[in-house]
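Okay, so here's the structure we're looking at.
Proteins come first, then strands; the chains are lettered A, B, ... in the order of their sequence lines, and each starts at number 1.
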Amino acid sequence: GAVVSQHPSWVICKSGTSVKIECRSLDFQATTMFWYRQFPKQSLMLMATSNEGSKATYEQGVEKDKFLINHASLTLSTLTVTSAHPEDSSFYICSAGRTGRGAQPQHFGDGTRLSIL
Amino acid sequence: ELKVEQNPLFLSMQEGKNYTIYCNYSTTSDRLYWYRQDPGKSLESLFVLLSNGAVKQEGRLMASLDTKARLSTLHITAAVHDLSATYFCAVGSNFGNEKLTFGTGTRLTIIP
């Protein structure tokens with residue numbers, strides 16, 4: 001079964017709306033989660049690293065005021081696309097992995113398809 | 001800056017044929033991942049390669065890693081239609097807590 005749950009799967013909303021996407025680790029604690037963005041027919045690009053209890057680390061060129069990340073607990077990170085516009089339409093994927101003892105490779109969420117009209 | 005390149009970008013092949021997808025990366029890394037992505041879906045993990053000379057096989061797919069050459073290959077044997085998908089390699093470090101850099105992807109279409 002899924003070990004990383006992402007919600008919602010698909011969002012269609014009007015321009016100017018803010019959209020929140022949740023990423024949960026289901027059976028392990030994740031001090032770090034990652035948010036990726038994928039445009040159609042392109043590869044995944046890392047947007048930011050979400051750190052539990054501290055500020056997210058954003059990759060170059062990603063607007064931190066546009067893509068708000070909150071990692072308030074060890075099992076939940078949220079990505080909020082603020083005042084979304086059509087150019088923000090994309091497939092957003094989160095990932096998380098077990099660290100420390102019993103460390104394993106990352107698991108990916110099912111992704112969220114965001115369409116801004 | 002780490003760069004990960006895949007070749008080819010697009011591949012169309014007939015069922016029953018063999019082919020290899022190549023993944024080159026620019027800096028030293030000891031962790032190489034292969035993923036499959038079906039249209040509209042997220043990533044499915046195929047292989048994790050952890051050391052030089054590592055070879056893993058699952059069904060008609062076999063992956064290998066040469067860390068000295070900074071090269072990984074994904075070999076397809078006797079392709080079947082169900083293998084049609086986009087395949088990504090990714091380079092990272094530190095299990096669980098790592099940034100992955102993805103290759104450009106190879107869109108594979110198997111023709112009956």
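With a threshold of 4.5 angstrom between heavy atoms, B/Q37 approaches chain A through side-chain atoms but not through N, CA, C or O. Of the atoms belonging to A/L44, heavy atoms from both backbone and side chain fall under 4.5 Å from chain B. Proximity to chain B (any heavy atom under 4.5 Å) is shown, for A/Q6, by neither the backbone nor the side chain.
Residues from residues 104-112 of chain B that place a non-hydrogen atom less than 4.5 Å from a non-hydrogen atom of chain A comprise B/T104, B/R107, given in numerical order.
Note that the CG atom of B/L61 and the CG atom of B/L46 stand 6.5 Å from one another [nearest 0.5 Å]. Annotation: the span from A/I93 atom CD1 to A/L46 atom CG amounts to 11.5 Å, rounded to 0.5 Å.
A 4.5 Å side-chain heavy-atom check between A/S115 and A/W10 finds at least one atom pair inside the cut-off. No side-chain heavy atom of A/Y92 sits less than 4.5 Å from a side-chain heavy atom of A/V11. Side chains of B/C89 and B/V4 form a contact here, defined as non-hydrogen atoms less than 4.5 Å apart.
Of the charged side-chain nitrogens involved, at least one lies within less than 4.0 Å of a carboxylate oxygen, so that A/E22 and A/R24 count as a salt-bridged pair.
Taking the ring axis of A/F91 as reference, the NZ or CZ atom of A/R113 stays within 45° of it and closer than 6.0 Å to the ring centre.
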